[in-house]
Amino acid sequence: SLEWLSRYGTDSILALDARNQRVSYFDAEGNLGRSVRLISTVQLAFPRILGAFSDGSFMATRGTYQLGGDPPVRVERPAETLFRIGADGESVSQLGDFPGLEWVIVPSGPGGRFERRRRPFGRETAFAAASDRFYVADNRTYEIRVYSATGALLKIIRKQGTVHSITDADIRAFEDSILRRGSEAERPQLLDYIELLPAHPRTYPAFAAEIHIDADLYLWVREVVPAGSQQAVWSVFSDEGRFLGTVELPARLRIFDIGTDYILGLRRDDFDVEYLEMYRVRRRP
């Protein structure tokens with residue numbers, strides 16, 4: 001059950017087998033070096049790996065979710081607890097609680113069942129770990145907090161962003177996309193779901209909930225762009241938090257890794273055909 005991959009150091013790859021809770025180390029040629037079993041505890045059951053630190057320890061969150069309290073239709077944003085798992089896979093310490101993903105709780109079929117779904121246009125937090133630090137990017141405001149691997153706040157990176165209002169056309173486009181996903185027989189149920197949704201936010205988040213840390217510890221933040229745009233805009237910040245400029249990439253490019261002089265990712269075309277692509281990056285002096 002391969003769930004997570006990451007470059008580690010200069011010549012290694014980490015891979016998480018989520019079903020067996022096992023992290024494996026491979027060299028650049030794909031040879032298995034060793035594996036570490038992650039031990040589930042009462043504090044951290046079924047850990048979900050989000051990143052790795054340079055000392056071999058991991059940043060993780062809980063892989064389970066409990067729907068708590070009475071289930072009226074509502075918006076909720078439960079906290080996300082981050083943990084640090086030792087390189088041995090056994091020792092666990094808590095790094096802190098941070099705002100998580102914004103959800104809507106809505107009815108799901110007959111019998112009084114409820115389910116949670118991502119809130120349309122909702123706020124969320126992106127996390128990343130690199131070297132001896134981790135990053136918490138809550139897109140409620142344009143602010144990325146950088147912490148040490150032990151949870152101490154090191155710096156706050158801010159940028160004056162543009163607030164984009166959510167228009168009636170944006171909402172109609174979202175509703176149309178929901179209806180297109182289902183068959184004609186499912187249309188009444190989808191219309192009920194749209195009707196029961198709580199009120200949408202008035203503005204888009206400050207930035208898209210996607211960040212990357214490159215090989216030089218530069219921070220890449222994906223910006224919010226108009227719906228249907230063919231280009232994604234990324235803001236780049238130095239290791240010290242200084243804004244360096246923006247980079248445009250195809251909107252459909254899913255970034256895997258950013259090195260000193262390249263961006264590696266997967267792009268899908270209009271027919272959902274996949275292309276593994278590498279873009280060269282030239283650093284300014």
Side-chain angles (χ1 to χ4, degrees), residues 2-16 24-33 49-54 59 126-137 139 142-144 146 154-155 157-162 164 204-285:
L2 182 62
E3 183 178 277
W4 173 78
L5 285 170
S6 176
R7 172 173 49 82
Y8 184 69
T10 59
D11 60 357
S12 297
I13 297 292
L14 296 181
L16 171 66
S24 297
Y25 292 72
F26 297 88
D27 66 16
E29 284 70 43
N31 300 307
L32 176 64
I49 300 295
L50 300 177
F53 298 109
S54 56
M59 182 175 73
F127 302 98
S131 185
D132 57 353
R133 67 197 73 173
F134 68 94
Y135 300 72
V136 178
N139 65 7
Y142 209 119
E143 183 175 285
I144 295 91
V146 187
L154 299 177
K155 70 185 91 170
I157 299 173
R158 296 185 176 97
K159 178 172 174 280
Q160 188 66 37
T162 301
H164 298 276
Y204 281 94
F207 54 89
E210 185 178 356
I211 63 173
H212 292 276
I213 314 302
D214 70 19
D216 292 325
L217 297 182
Y218 286 12
L219 168 67
W220 295 60
V221 180
R222 184 164 181 162
E223 300 290 348
V224 172
V225 296
S229 174
Q230 297 300 306
Q231 296 294 312
V233 177
W234 293 82
S235 290
V236 185
F237 301 84
S238 71
D239 183 23
E240 295 77 27
R242 180 168 54 92
F243 174 62
L244 301 177
T246 59
V247 176
E248 288 192 2
L249 292 166
R252 294 184 179 183
L253 180 72
R254 176 188 172 195
I255 293 179
F256 289 153
D257 187 44
I258 307 176
T260 299
D261 60 354
Y262 69 86
I263 298 171
L264 179 68
L266 186 75
R267 181 179 61 84
R268 297 175 183 269
D269 65 14
D270 292 337
F271 300 98
D272 210 31
V273 177
E274 298 179 341
Y275 299 88
L276 186 65
E277 297 181 338
M278 177 178 285
Y279 296 81
R280 289 297 175 189
V281 175
R282 293 191 300 272
R283 306 278 186 182
R284 292 176 180 173

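Values in this document were obtained by computation on a predicted structure and should not be read as measured data. Computed over heavy atoms, backbone and side chain alike; hydrogens, waters and symmetry mates excluded.
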Discussion item. Looking at every heavy atom in both I213 and A130, which two are closest together, and how far apart are they?
Written reply: CG2-CB, 3.7 Å
Item to complete: Check whether more than 12 heavy atoms from other residues, nucleotides or ligands sit under 6.0 Å from atom CD of Q231, and answer yes or no.
Response: yes
Item to complete: With rounding to the nearest 0.5 Å, note down the distance linking CE in M59 to CZ in F134.
Response: 7.0 Å
Worksheet, complete the sentence: One should read off an interatomic distance between L219 CG and R242 CZ, to the nearest 0.5 angstrom, of 13.5 Å
Item to complete: Heavy atoms only: give me the nearest I211-F127 pair and the separation to one decimal.
Response: CD1-C, 4.3 Å
Item to complete: Check the pair Y262 / V281 against side chain to side chain contact (heavy atoms under 4.5 Å, CB included), numbers first and verdict last.
Response: CA-CA 5 Å; Y262 69 86; V281 175; 5.6 Å; no
Response to the item:
Output for pair (L249 CG, I255 CD1), nearest 0.5 Å, gives 5.5 Å
Item to complete: Compare every heavy atom of R7 with every heavy atom of I13, then report the nearest pair and how far apart it is.
Response: CD1-CA, 4.1 Å
Worksheet item: Are any of the side-chain nitrogens in R252 or D272 under 4.0 Å away from the carboxylate oxygens of its partner?
Response: no
Response to the item:
Of all heavy-atom pairs linking F53 and R133, the shortest is CE2-O, 3.2 Å
Worksheet entry | Gap between atom CG of L16 and atom CG of L2 - 0.5 Å precision | 8.0 Å
Worksheet entry | Modelled atom types, side-chain donor and acceptor of Y204 and N139, under 3.5 Å | no
Worksheet, complete the sentence: Closest non-hydrogen contact found for L253 with R222 is O-NH1, 4.2 Å
Fill in: Over 12 non-hydrogen atoms of neighbours within 6.0 angstrom of CZ in R283
yes
Discussion item. Once rounded to the nearest 0.5 Å, what's the spacing between atom CH2 of W220 and atom CG of D214?
Written reply: 6.5 Å
Worksheet entry | Side chain to side chain, T246 and E248, heavy atoms closer than 4.5 Å | no
Discussion item. Test your reading of the model: is there a side-chain donor-acceptor pair from D216 to the backbone of Y218, 3.5 Å cut-off?
Written reply: no
Worksheet item: Between atom CH2 of W4 and atom CG of L50, what is the distance when rounded to the nearest 0.5 Å?
Response: 9.0 Å
Item to complete: Say whether, by atom type as modelled, one donor and one acceptor occur between the side chain of Y25 and the main chain of A15 under 3.5 angstrom.
Response: no
Worksheet item: Between Y142 and F207, does the ring centroid distance fall short of 6.0 Å?
Response: yes
Item to complete: Considering non-hydrogen atoms only, spot the tightest contact between L32 and S24 and give its length.
Response: CD1-CB, 3.8 Å
Fill in: Derivation and outcome, side chain to side chain contact (heavy atoms under 4.5 Å, CB included), residues D239 and K155
CA-CA 10 Å; D239 183 23; K155 70 185 91 170; 4.0 Å; yes
Discussion item. Apply side chain to side chain contact (heavy atoms under 4.5 Å, CB included) to residues L276 and F256 and explain how you reach the verdict.
Written reply: CA-CA 10 Å; L276 186 65; F256 289 153; 4.1 Å; yes
Worksheet item: Should the pair H212 and W234 be assigned to parallel (<30°), tilted (30 to 60°) or perpendicular (>60°) ring geometry?
Response: tilted
